[in-house]
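Both backbone and side-chain heavy atoms feed into the values below; hydrogens, waters and symmetry mates do not. Not measured: the values here are computed from a predicted model. Numbers here are sequence positions counted from 1.
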Amino acid sequence: MEPGTIDNLAILYQSSDFIVVNKHWDIRIDSKMWYETLTLQSQLRHRFPELADPDTYYGFRFCHQLDFSTSGALCVALNKAAAGSAYKCFKERLVTKAYLALVRGHVSQSRMTIRYAIGKNTTEGRTHMMCIDGTEGCENPKPCQSELIVLEHGSYSGDPVTKVLLQPLTGRTHQLRVHCSAIGHPIVGDFTYSLGQDSSPYRMMLHAYYLRIPTRGELIEVRAPDPFVPAMDGNWEPQQVTRRLEDTIQELK
């Protein structure tokens with residue numbers, strides 16, 4: 001996926017009530033900083049100026065969040081009623097989300113459930129981070145659960161990595177990143193949770209691949225094209241397929 005520009009926003013789904021975009025890996029959803037002019041919000045305003053809602057601060061109602069360095073499917077509601085309908089689905093845990101990631105090392109188990117509780121890191125210099133229960137400075141940890149399924153083993157720039165499907169069953173900040181780091185398989189390119197060590201890849205390898213939101217008025221179901229294929233990134237070399245991606249998604253459904 002090429003770096004984001006004001007006019008290269010990819011649309012995965014559009015109706016009178018919702019838009020689902022394929023968010024770039026190097027763009028924030030919105031920003032209050034005057035110097036950050038390129039955001040998902042500004043891309044949407046550029047592409048759909050007639051759809052911007054003057055009753056909202058940012059012009060568009062984002063139904064959920066993706067980190068700055070995470071790419072993939074993100075749903076935007078185009079009116080207050082649609083936003084309420086999507087919010088109800090999230091609140092009642094009717095939404096299915098699945099992410100693709102490249103993680104460091106070869107994950108030995110084909111499938112695992114990660115259950116580390118996650119809290120806010122209060123350690124000096126790390127207050128922008130989350131942490132797992134039991135680590136120093138971890139405040140107010142809450143139960144969390146993520147599913148990890150191995151898809152492929154291979155290498156990235158010559159180092160062993162595993163391509164996995166991740167499903168967050170709870171919704172804590174940085175949950176997938178913290179959970180992968182906690183099991184000893186941090187996400188490739190995660191500068192924050194490698195404490196600045198993993199800085200050579202051009203991006204963090206975490207992508208919101210599948211999103212299903214069964215709202216009262218319509219079923220939103222999208223896939224954001226897989227960026228972790230050799231044709232898109234020659235540094236990634238798959239060596240052994242453990243499980244087909246499509247089979248795994250059908251299981252989730």
### Query
Which heavy-atom pair separates His207 from Ala224 by the least distance, and what is that distance?
NE2-O, 3.0 Å

### Task
Give a yes or no on whether the backbone of Gly137 and the side-chain of Thr122 come within a donor-acceptor separation of less than 3.5 Å.
yes

### Query
Ser155 and Val161: which non-hydrogen atoms are nearest, and at how many Å?
C-CG2, 3.7 Å

### Query
With side chains defined as the heavy atoms from C-beta onward, is the minimum distance between Pro227 and Trp25 less than 4.5 Å?
no

#### Entry: Distance, nearest 0.5 Å, that separates OG of Ser69 from NE2 of His24
14.5 Å

### Message
Tell me whether Lys88 contacts the main-chain N or O of Glu92 through its side chain, where contact means a donor paired with an acceptor under 3.5 Å.
### Response
no

### Query
Quick check: does any side chain N or O of Arg172 sit under 3.5 Å from a backbone N or O of Ile118, one acting as donor and the other as acceptor?
yes

### Query
Pick from Leu169, Thr170, Ile132: which one makes a side chain to side chain contact (heavy atoms under 4.5 Å, CB included) with Cys144?
Thr170

#### Entry: Shortest non-hydrogen contact between Val188 and Pro201, atoms and distance
CG1-CG, 3.7 Å

### Query
When rounded to the nearest 0.5 angstrom, what is the spacing between NZ in Lys120 and SG in Cys131?
9.0 Å

### Message
Looking at every non-hydrogen atom in both residues, tell me the closest pair between Ser42 and Ile6 and how far apart they are.
### Response
O-CD1, 3.5 Å

### Query
Can you find a heavy atom in the side chain of Tyr210 that is under 4.5 Å from one in the side chain of Leu165?
no

### Query
Is the closest side-chain donor-acceptor distance between Thr5 and Asp7 under 3.5 Å?
yes

### Message
I'd like to know whether Leu195 forms a side chain to side chain contact (heavy atoms under 4.5 Å, CB included) with Met129, so could you lay out the CA-CA distance, the side-chain angles of the two residues, the decisive distance to 0.1 Å, and finally the verdict.
### Response
CA-CA 10 Å; Leu195 302 182; Met129 299 171 64; 3.9 Å; yes

### Query
Does any N or O in the side chain of Thr162 come within less than 3.5 Å of the main-chain N or O of Gly105, such that one atom is a donor and the other an acceptor?
yes

### Query
Tell me the ring-ring contact (aromatic ring centres under 6.0 Å, His included) pairs involving residues 168-200, sequence neighbours left out?
His174-Tyr193

### Residues forming a salt bridge (Lys or Arg N to Asp or Glu O under 4.0 Å) with Asp26, sequence neighbours excluded
none

### Of all pairs that satisfy side-chain hydrogen bond (donor to acceptor under 3.5 Å, both in side chains), the ones with a partner from residues 72-85, not counting sequence neighbours
Asp17-Asn79

#### Entry: Spacing of Ile27 atom CD1 and Leu66 atom CG [to the nearest 0.5 Å]
12.5 Å

#### Entry: Donor-acceptor contact below 3.5 Å, side chain Thr248 vs main chain Arg244
yes

### Query
Do Val20 and Leu100 share a hydrophobic cluster (ILVMFWY, side-chain heavy atoms under 4.5 Å, transitive)?
no

#### Entry: Side-chain heavy atoms of Phe60 within contact of Arg45, under 4.5 Å
yes

#### Entry: Listed once per pair and sorted, the side-chain hydrogen bond (donor to acceptor under 3.5 Å, both in side chains) pairs that draw on residues 129-144, sequence neighbours left out
none

### Message
Run His64 and Val95 through side chain to side chain contact (heavy atoms under 4.5 Å, CB included) and show every step you take.
### Response
CA-CA 11 Å; His64 54 118; Val95 176; over 6 Å; no

### Separation of Ile19 CD1 from Leu74 CG (nearest 0.5 Å)
11.0 Å

### Residues forming a salt bridge (Lys or Arg N to Asp or Glu O under 4.0 Å) with Asp198, sequence neighbours excluded
Arg104

### Query
Can you name the residues that form a salt bridge (Lys or Arg N to Asp or Glu O under 4.0 Å) with Glu152, not counting sequence neighbours?
Lys163

### Message
Run the side chain to side chain contact (heavy atoms under 4.5 Å, CB included) test on Leu176 and Gln167 for me, step by step, so that the C-alpha distance in whole Å, both residues' side-chain angles and the decisive distance to 0.1 Å come before the verdict.
### Response
CA-CA 8 Å; Leu176 297 177; Gln167 187 181 14; over 6 Å; no

### Task
Check the hydrophobic clustering (I, L, V, M, F, W, Y; side-chain heavy atoms under 4.5 Å; chains of links allowed) and say if Leu51 and Leu9 are grouped together.
yes

### Message
Using every non-hydrogen atom in the two residues, find where Ile183 and Met112 come nearest and quote the distance to one decimal.
### Response
CD1-SD, 3.7 Å

### Query
Given the rule in the side chain to side chain contact (heavy atoms under 4.5 Å, CB included) test, do Tyr202 and Asn235 qualify, once you have shown the distances and angles that lead to the verdict?
CA-CA 11 Å; Tyr202 73 99; Asn235 292 310; 5.6 Å; no

### Message
Please report the interatomic distance CG(Asp67) to CG(Leu206), rounded to the nearest 0.5 Å.
### Response
7.5 Å

### Query
Does a sphere of radius 6.0 Å around CZ in Phe48 hold more than 12 heavy atoms from other residues, nucleotides or ligands, not counting ones at 6.0 Å or beyond?
yes

### Query
Any side-chain heavy atom of Tyr99 sitting closer than 4.5 Å to one from Pro168?
yes

### Query
Can you check whether Phe18 reaches Ile213 side chain to side chain, under 4.5 Å on heavy atoms?
no

### Query
Do the side chains of Glu246 and Arg223 get nearer than 4.5 Å, heavy atoms only?
yes

### Query
Are side-chain heavy atoms of Thr70 and Met204 found at a separation under 4.5 Å?
yes

### Query
What distance do Leu245 atom CG and Tyr209 atom OH have between them, rounded to the nearest 0.5 Å?
4.0 Å

### Query
Should Ile29 and Phe68 count as side-chain neighbours, where that means a heavy-atom distance under 4.5 Å?
no

### Task
Please report the closest heavy-atom contact between Leu166 and Cys180, naming both atoms and the distance.
CD1-SG, 3.8 Å

### Query
Does CD in Glu124 sit with more than 12 non-hydrogen atoms of other residues, nucleotides or ligands closer than 6.0 Å?
no

### Task
Give a yes or no answer on whether the side chain of Thr96 reaches the backbone of Arg212 with a donor-acceptor pair at less than 3.5 Å.
no

